[in-house]
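Proteins come first, then strands; the chains are lettered A, B, ... in the order of their sequence lines, and each starts at number 1. Remember, predicted model here, so these are calculated numbers, not experimental data.
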Protein chains: 2
Amino acid sequence: MDLNPRKLRILRAIVDEYILSGAPVGSKVLSQNPSFKLSSATIRNEMADLEDLGYLEQPHTSAGRVPSDKAYRLYVNNMMQRSNLTEDEVKVMSAYCQNKVKGLDAVMRETASVLSRITHYTALVMMPESTTNRLRHLQLVPLAEGYALVVVVTDAGVARDSVIRVPVEMGADELGRLSRLISQRYYNCRMIEVGDRMMKELGGELQARGTFLTDLVDTMETAPGANAHRIALSGTNNMLDFPAYSDIDRARQLLAAVEKKDSMYQMLKNAGPFEISFRIGSELGQDIFSDCSLVTATYRIGSMPVGTMGVIGPTRMPYGKVVSVLDYMSKSLGSILTNLLEED
Amino acid sequence: MDLNPRKLRILRAIVDEYILSGAPVGSKVLSQNPSFKLSSATIRNEMADLEDLGYLEQPHTSAGRVPSDKAYRLYVNNMMQRSNLTEDEVKVMSAYCQNKVKGLDAVMRETASVLSRITHYTALVMMPESTTNRLRHLQLVPLAEGYALVVVVTDAGVARDSVIRVPVEMGADELGRLSRLISQRYYNCRMIEVGDRMMKELGGELQARGTFLTDLVDTMETAPGANAHRIALSGTNNMLDFPAYSDIDRARQLLAAVEKKDSMYQMLKNAGPFEISFRIGSELGQDIFSDCSLVTATYRIGSMPVGTMGVIGPTRMPYGKVVSVLDYMSKSLGSILTNLLEED
DNA sequence: GATTAGCACTCATGGGAATGGAGTGCTAAA
DNA sequence: TTTAGCACTCCATTCCCATGAGTGCTAATC
């Protein structure tokens, strides 16, 4: 008893049907499908076999069958075909971010938003990161006396949002001078090296400035990391649409889990550098997500993979459609970022 | 038949009890309260009167009474007393944002987060805004060729995240020079005037730069506005805890409404410049919020009100507690911002 | 040997009917 | 003016039963 072609065809029909209807699939509806010239009894026998093999499950004795995670895995590996995008979808996706140039944050947020609106699921977009980040520009912006905003521009994006203390006697002019100095001297330097070099080469000059230099170096080193751990999240509410979560308690747990950005980041990260990757139900390794799948795509700056975006939905999501959307969006984001940051 | 003292006492007891239990309050539990030396029958009569006067409602004939919006309004105006904060609460609130200096965004997000964690409701914090914003510093940070990040620092905070196109021939040096020029010449200028003056005074010099100057001015003028329209939102999930929203459909609608930041911004804005303000149920003017109240507090930089923070919860929230928390947090945020940005 | 018709069986679902209980309004007595 | 008492209302819960979809198994058929 192995997976002969007929079993495969039946399994595929069950998955397709279940994704469409959401209700357990019985032998009768399949036998009515004209592409099968089999009676319901025959199909029942095959279904019983498929259940023994672990591809199908029965919610209860007198219900139809539901695909197992194993079945979905087989489906996405061997049976699924990408579906074509509708004109409307392409319109929405190609229109986004075209009108204005925006900051990195805004681009990420918009990407997530479009992704969730089109799929009707929850979208995650990881900030771009790169182990070979290089410095493009450093700017110290004076705030109140004794404080400055540190703006670090790397070839993978802008890392901001860090305020550090500066010696009171350093005015706007001095901060400007220092910004120019560092930007010029360390232009195109790898971010992981910049800190060490600055400590060595500028240590003397800035010795009198107390902890200022170390603070600055710390900020520069952690900034890209902090950036990396950030993800844009959109459409969490869509989780509530899954019939499986009509139970309010489960729904709340799920929402809470999704909003833990750290663990979501890990999930994206774990997907690996594949063009498209699937993690189905139990493969996600978290009980609360046992009815969910995560489909991810890698996006690139130039030809270098720098980040991952993904969609979380019910295991019975229309994978073909989701893959097409992710494929389109990851390329789209890639080209936006490449334009925004490309080496001159 | 008017609101004699006894009616007031009964009404207050009903509101307190209902806020505590969430279940309609019957005459019997009140008569068992030793502070009333009245039989349940007497209380029933008074309750019937209070219902005629519009202060109480009955879900159905044989249920207890529930306070109406009118009753809550009377309660917060005349009967409520602030409750003391627990040691734990004070510890959490005083610890937040103490350890590190952070950017404005981070401070706002943390404030919202603390607020929602302590109240267990949904917290909204408006970015600081001021009609008398003054320029502190402008910095153009070179990105890829032809693009620059505009960083505007005002006395009310940092407005960032805007990228503009710049003429390709303007290099990092030229951008730095221009930044210094503008920062010096327009230091402490009102933001609403800066644009006009720049157009007049720099128009000649930058005539050859195409739309660069207008783009820059646009960005500077809209930046504080865009900033103003931004709010930090936290704890939206807490909405799902309200028993009133155990219906998944309503819950979804509510979540969707809360995440429309524009309309949330308007709601905060409408609260006016009062120290503490309440908007109860129907007073919010949106059907979906008919079971919710919004309590807001104004926060200040120095002595000038610059923003509003608020908490959305069920109309039966413990107003006394919420007011105490908002009061504490608004002062706390005010002093953080004042320190961060105070005039030297 | 593979397929199918037929049948008994299981079990989730949904619609009453019965029950219990909380709370009310009203009346008459204190 | 207050209260005890009582009839009444209506929600919530439980139980029961009919329904129907779908199954597994067996025996007949191709």
Specify the closest pair of heavy atoms between B:Ser324 and B:Ser83, including all atoms of both residues, with the distance to one decimal. OG-O, 2.7 Å
Which part of the nucleic acid does B:Thr42 contact within heavy-atom distance under 4.0 Å: base, sugar-phosphate only, or nothing? base
The answer to which of B:Pro59 and A:Glu51 contacts DNA chain D further toward the 5' end, by nearest nucleotide, is B:Pro59
A:Glu87 atom CD: more than 12 heavy-atom contacts under 6.0 Å: no
Length of the line joining A:Leu30:CG and D:dA21:C1', which is rounded to integer Å: 14 Å
Interatomic distance, B:Met47 CE vs C:dA22 P [rounded to whole Å]: 16 Å
Any side-chain donor paired with an acceptor under 3.5 Å for B:Asp69 and B:Ser282? yes
B:Lys28 NZ to D:dG5 P: how many Å, rounded? 13 Å
Closest heavy-atom contact between A:Leu233 and A:Glu259? CD2-CA, 4.2 Å
Rounded distance (Å) that lies between atom P of D:dC8 and atom CZ of B:Arg44: 16 Å
For the side chain of B:Arg65, counting heavy atoms from C-beta on, which of C:dG25, C:dA22, D:dA4 is nearest? C:dG25
B:Ile43 CD1 to D:dA4 C1': how many Å, rounded? 15 Å
From D:dG24, D:dA4, C:dG23, nucleotide with atom closest to B:Ser62 side chain: C:dG23
In whole angstrom, give the distance that lies between atom CD of B:Glu57 and atom P of C:dG23. 18 Å
Note: for B:His60 and B:Ser39 on DNA chain D, the residue whose nearest nucleotide lies more 5' is B:Ser39
Atom CG of B:Asp49 to atom P of C:dT24: distance rounded to whole Å? 14 Å
Name the nucleic acid region contacted by A:Ser27, choosing base, sugar-phosphate or nothing; use a 4.0 angstrom heavy-atom cut-off, strictly under. sugar-phosphate
Whole angstrom value for the distance that separates C1' of C:dA5 from CG of A:Asn45: 13 Å
Just checking, any donor-acceptor pair under 3.5 angstrom between side chains of B:Tyr121 and B:Asp241? no
Measure from the side-chain heavy atoms of A:Thr61 and tell me the nearest of D:dT9, D:dT23, C:dT10. C:dT10
